[in-house]
Amino acid sequence: MSTIYDKLNDKQKQAVFTTEGPLLLLAGAGSGKTGVLMHRIAYLINEKHIDPYNIMAITFTNKAAKEMKERITNLIGADGNFVWVMTFHSSCVRFLRRFIDKIGFDNNFTIYDSDDQRTLMKKIFKENNINSRVYKERAVLNIISSCKNELISPVEYMKSATDRYEKGAARIYEIYQSTLKKNNALDFDDLICRSVELFENCPDVLDYYQNRFRYIMVDEYQDTNTAQFKLIYLLAQKYKNICVVGDDDQSIYKFRGANIENILSFEDKFENVEVIKLEQNYRSTGNILDAANAVIKNNRGRKNKSLWTDGATGANIELRQFANADAEADFIIKDIKAKANDNFKDFAVLYRTNAQSRLLEERCVTLGVPYQLVGGVNFYQRKEIKDVLAYLKTIANGSDDIALLRIINVPKRGIGATTIAKVADYANENVISLYDAMTICENIGIGKAADKIKKFIAMIEEFRDKVAKKANIANMIEELLDKTGYIESLYDEGEIEGESRKENIEELVNKSVDYEDGELSLFLEEVSLVADIDRMDENADRITLMTLHGAKGLEFDTVYLAGMEEGLFPSAMSSITREDLEEERRLAYVGITRAKKNLILTSAKQRMINGETRYSLLSRFVNEIPRDLLDKHILDTEKKYTQRTYSYEEALPWENKAKPDNVKNTLSFGKQFKVERQKSLDYAVGDTVKHIKFGIGKVLEIVDGEKDFEVKVNFEKFGIKKMYAGFAKLIKI
DNA sequence: ACAGACACTCTTTTT
DNA sequence: GAGTGTCTGT
């Protein structure tokens with residue numbers, strides 16, 4: 001008898017059939033982990049007769065969730081719809097919408113995205129006269145986010161604060177939290193940690209969900225942070241049927257709080273953990289896997305494993321170096337155009353920073369190559385979309401000051417800064433929301449402006465009425481645009497600009513059609529949790545342009561890794577500590593393993609970054625790929641794309657016996673990245689040194705490493721850091 | 001109240 | 001280089 005499990009290899013089968021108790025699935029890139037998860041769910045339902053309602057699968061992106069849902073229903077039919085397949089964030093919204101009143105919030109809360117957070121923080125800075133030369137909004141928000149990821153409350157952070165800067169930040173954190181509460185809003189991180197708070201404080205709620213989710217599966221487990229771990233840990237405590245799938249080599253979100261310890265110490269957190277490794281790769285050619293393995297083996301902090309395939313060796317990896325970023329972009333897009341044969345969807349260009357997309361996009365437009373750009377400015381963060389959403393938020397939640405402030409004078413209706421400041425003062429004094437203050441603005445003494453505000457309020461009230469009467473959302477948005485004259489105001493910035501903004505709004509209106517009449521809150525909620533990757537359409541016949549981070553979990557026949565340059569990739573900011581550099585290397589590993597058949601690495605000697613021209617050397621990650629895997633004959637054909645070609649001796653540092661003069665010259669001016677090993681250091685153990693980011697510290701240890709000196713420094717503010725001397729640029733003081 | 005001019009910072013990655 | 005914030009004149 002043949003079953004759906006026959007196609008699986010032994011390890012995969014073992015993973016599917018191990019349903020009880022904690023299971024750690026270490027799944028390398030392209031090892032078919034999503035398929036295994038799907039079959040596992042099918043097995044639970046069909047063979048173990050588990051109610052689909054009792055199964056939870058958690059992902060990070062809506063796209064992954066959607067894909068999983070589709071695959072489950074394909075595998076087992078309509079029963080699959082009852083499985084809880086959601087992202088961490090949307091799961092938490094579900095929990096909180098239902099129960100957050102138990103921990104003192106209103107169930108009707110709004111969700112702040114990073115833009116809203118910044119606006120709120122700016123407001124807090126202003127109201128509290130915080131010096132934005134000492135405290136940067138972004139920096140404080142980062143601190144707050146890290147705290148939340150680690151489940152540290154403002155009070156706890158205050159206790160642990162060692163210097164005045166941290167104490168001040170702790171105070172701002174406290175104000176930030178209370179303002180959020182006042183606005184009846186939660187930020188992204190709150191969604192997770194308030195859920196944890198809910199479960200910890202309300203055993204009955206926790207018990208309810210524990211019973212519901214008897215089997216839990218977590219995808220991309222290497223990306224979970226402490227708060228997310230705590231969440232699933234709590235949920236899994238009763239039945240302990242938890243299966244986590246991850247790959248420590250693909251952990252690339254440390255900057256966002258992902259805690260690699262979650263995967264490395266899973267076996268300590270749960271008892272009797274079964275560990276299964278999936279190492280057979282079904283995606284890439286042998287050469288590509290060899291390259292990936294060769295690069296990642298330079299990392300020290302990892303579980304040892306290595307990908308293999310019984311498929312073809314495949315083509316060599318191409319390496320091309322260009323004089324500047326324009327030539328690089330030009331080559332890539334022309335190359336795709338020549339190879340594509342109208343199969344554009346098989347091609348992807350991946351890069352480290354969003355800024356790199358501009359040149360590529362321009363080339364696509366001029367050369368007529370269809371493309372889709374993922375990332376950059378998220379659709380839902382575009383000005384016009386945010387404006388419309390702010391109107392809708394104001395209609396849905398009267399306490400959301402941030403939304404109200406955004407649109408109170410957009411389009412211009414003669415309610416200026418002075419007026420708003422007066423109303424805001426009044427609201428603060430009387431501890432009411434800005435909106436409530438506006439409803440009684442005739443008491444405030446703002447003269448004629450009161451009439452304008454009254455008119456605005458009357459309009460919002462009218463729409464609230466419509467929502468209560470279950471108005472159609474799309475119609476309502478159209479009416480809103482009409483009444484406010486918003487569309488016309490867009491054209492003030494120019495015809496073309498206005499047209500594209502109008503199209504975006506139309507897209508938003510189209511999206512709203514999927515929602516039932518009167519379901520405004522639901523619409524707003526889902527819209528605020530959409531990531532850019534979720535909008536990617538794999539079936540459209542276009543090439544894909546996106547960052548390496550965005551590419552995780554995807555695969556393409558042909559992948560271009562653009563900007564393989566020291567300072568850009570690895571980023572200059574991530575080349576300081578070994579941990580950071582290893583995260584960059586994991587990113588390189590992710591990039592390489594996206595390719596199924598062809599991999600092309602490109603770099604530019606000269607590139608404009610932040611308005612200044614920078615010169616850089618080939619990325620060390622290229623050098624880590626064995627020489628015999630790299631294609632050699634490429635440089636002859638390069639002439640037509642660059643003003644000047646470069647020999648291998650120039651392109652590959654390990655062949656640099658005598659460096660040509662011109663290379664030295666270009667490197668001697670502009671901002672450069674000195675990656676050559678320093679002969680000796682002008683500081684020694686015990687010296688006090690200064691670092692550009694970490695400040696003052698004492699040198700504890702200097703190790704003469706393979707490529708560079710590794711220096712261990714104890715910084716006054718940041719503690720002990722290990723760094724490469726060439727990058728750290730420590731100055732003895 | 002608001003438009004236009006200048007100055008300043010910045011981005012590495014994002015649910 | 002772009003986007004944001006601040007200042008100035010109407």
Side-chain angles (χ1 to χ4, degrees), chain A residues 58-65 86-93 111-115 117-119 122 125-126 132-133 136-139 141-142 145 148-149 186-192 220 223-225 227-228 251-258 325 350-359 374-378 380-381 383 409-421 446-449 452 492-493 528-534 546-552 563 565 567-576 580-581 583-584 586-588 590-591 607-613:
Chain A
I58 285 227
T59 63
F60 275 85
T61 65
N62 293 299
K63 185 167 172 290
M86 275 199 221
T87 64
F88 269 103
H89 292 270
S90 39
S91 298
C92 287
V93 173
I111 300 164
Y112 279 1
D113 67 12
S114 37
D115 251 31
Q117 288 183 22
R118 243 185 67 218
T119 316
K122 264 180 212 155
F125 270 44
K126 209 168 240 166
S132 57
R133 295 224 165 262
K136 294 264 163 278
E137 285 136 16
R138 270 221 61 109
L141 281 169
N142 280 337
S145 180
K148 289 181 177 179
N149 289 334
L186 301 184
D187 65 21
F188 283 139
D189 299 318
D190 277 337
L191 294 176
I192 313 287
E220 306 283 10
D223 290 334
T224 51
N225 60 37
Q228 286 159 336
S251 162
I252 53 175
Y253 284 109
K254 188 171 138 240
F255 72 95
R256 219 174 57 200
L350 309 180
Y351 37 80
R352 179 67 238 265
T353 68
N354 274 310
Q356 289 167 259
S357 68
R358 214 194 81 236
L359 288 174
V374 181
V377 186
N378 187 323
Y380 290 100
Q381 283 172 5
K383 180 172 147 289
N409 201 28
V410 177
K412 302 258 168 352
R413 50 175 72 88
I415 305 171
T418 7
T419 310
I420 295 166
I446 45 171
K448 280 180 206 149
K452 294 168 185 163
D492 295 346
E493 291 171 53
S528 58
L529 291 177
V530 174
D532 207 59
I533 183 78
D534 302 334
M546 66 177 153
T547 63
L548 287 152
H549 282 88
K552 198 172 56 147
E565 296 142 37
L568 184 64
F569 187 37
S571 154
M573 293 180 138
S574 305
S575 312
I576 299 162
D580 285 347
L581 188 60
E583 175 138 321
E584 293 285 301
R586 290 194 289 272
L587 199 51
V590 167
R607 183 185 296 276
M608 185 85 110
I609 293 173
N610 284 347
E612 58 184 335
T613 307

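Note: hydrogens, waters and symmetry copies are ignored here, and every other heavy atom, side chains too, is used. The structure presented is a predicted model; accordingly, all values stated were derived computationally and were not measured. A, B, ... follow the sequence lines: proteins, then strands. Residue 1 opens every chain.
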Contact class for [X] vs. all strands (heavy atom < 4.0 Å): base, sugar-phosphate, or nothing?
{"X": "A:F60", "value": "sugar-phosphate"}
{"X": "A:K136", "value": "sugar-phosphate"}
{"X": "A:E584", "value": "base"}

How close or far is atom [atom2] of [N] from atom [atom1] of [X], stated in whole angstroms?
{"X": "A:K122", "N": "C:dT6", "atom1": "NZ", "atom2": "P", "value": "9 Å"}
{"X": "A:K148", "N": "B:dT14", "atom1": "NZ", "atom2": "C1'", "value": "16 Å"}
{"X": "A:I609", "N": "C:dA2", "atom1": "CD1", "atom2": "P", "value": "15 Å"}
{"X": "A:R138", "N": "C:dT4", "atom1": "CZ", "atom2": "P", "value": "13 Å"}
{"X": "A:M573", "N": "B:dC10", "atom1": "CE", "atom2": "P", "value": "9 Å"}
{"X": "A:H89", "N": "B:dT15", "atom1": "NE2", "atom2": "P", "value": "9 Å"}
{"X": "A:R256", "N": "B:dT11", "atom1": "CZ", "atom2": "P", "value": "17 Å"}
{"X": "A:F125", "N": "C:dT6", "atom1": "CZ", "atom2": "P", "value": "13 Å"}

For A:N149 and A:R256, the nearest pair of non-hydrogen atoms, with its separation, is ND2-O, 3.1 Å
Sorted by chain and residue number, the side chain to side chain donor-acceptor pair (under 3.5 Å) partners of A:S91 (sequence neighbours excluded) come out as A:W84
Contacts of A:Y112 meeting side chain to side chain donor-acceptor pair (under 3.5 Å) (sequence neighbours excluded), chain-then-number -> A:N183, A:D400
For nucleotides 1-6 of chain B, give me every protein contact, N/O to N/O, under 3.5 Å, one pair per line with atom names.
from: B:dA1; atom 1: OP1; to: A:G416; atom 2: N; distance (Å): 2.6
from: B:dA1; atom 1: OP1; to: A:T419; atom 2: OG1; distance (Å): 3.1
from: B:dA1; atom 1: OP2; to: A:T418; atom 2: OG1; distance (Å): 2.4
from: B:dC2; atom 1: OP2; to: A:N409; atom 2: ND2; distance (Å): 2.9

Practice task
Would you please indicate if the ring centroids of A:Y253 and A:H549 are separated by under 6.0 Å?
Solution key: yes
Sorted by chain and residue number, the side-chain contact (heavy atoms from CB on, under 4.5 Å) partners of A:A355 (sequence neighbours excluded) come out as A:T353
Those residues at least two apart in sequence (or on a different chain) that pass side-chain contact (heavy atoms from CB on, under 4.5 Å) with A:A421 are none
(message) Tell me whether the side-chain N/O atoms of A:S114 come closer than 4.0 Å to OP1 or OP2 in B:dT15.
(response) no
Please tell me if A:N354 has a side-chain N or O lying less than 4.0 Å from either OP1 or OP2 of B:dT13.
yes
field: P-based separation of B:dT13 from C:dT4 [nearest Å]
entry: 15 Å
Of the candidates B:dT14, B:dC10, B:dT12, the side chain of A:F255 sits closest to B:dT14
Per atom distances to the A:F188 side chain, the nearest of B:dT15, B:dT11, C:dT4 is B:dT15
Rounded to the nearest 0.5 Å, the CG atom of A:D187 sits from the CG atom of A:D113 at a distance of 10.0 Å
Exercise. I would like to know whether A:T59 and A:E220 meet side-chain contact (heavy atoms from CB on, under 4.5 Å); could you show each step before the answer?
Key: CA-CA 7 Å; A:T59 63; A:E220 306 283 10; over 6 Å; no
Going by 5.5 Å between centroids and 30° between planes, is there a stack of A:Y253 over B:dT14?
-> no
Every protein N/O lying under 3.5 Å from an N/O of nucleotides 7-10 of chain C:
none

When only distance counts, do a donor and an acceptor, one from the side chain of A:H549 and one from the base of B:dT14, lie under 3.5 Å apart?
no
Return yes if some donor-acceptor pair links the side-chain N/O of A:Q117 with the main-chain N/O of A:L141 below 3.5 Å, else return no. no
With a 4.0 Å cut-off on N to O distance, would you call A:D580 and A:K254 a salt bridge?
yes
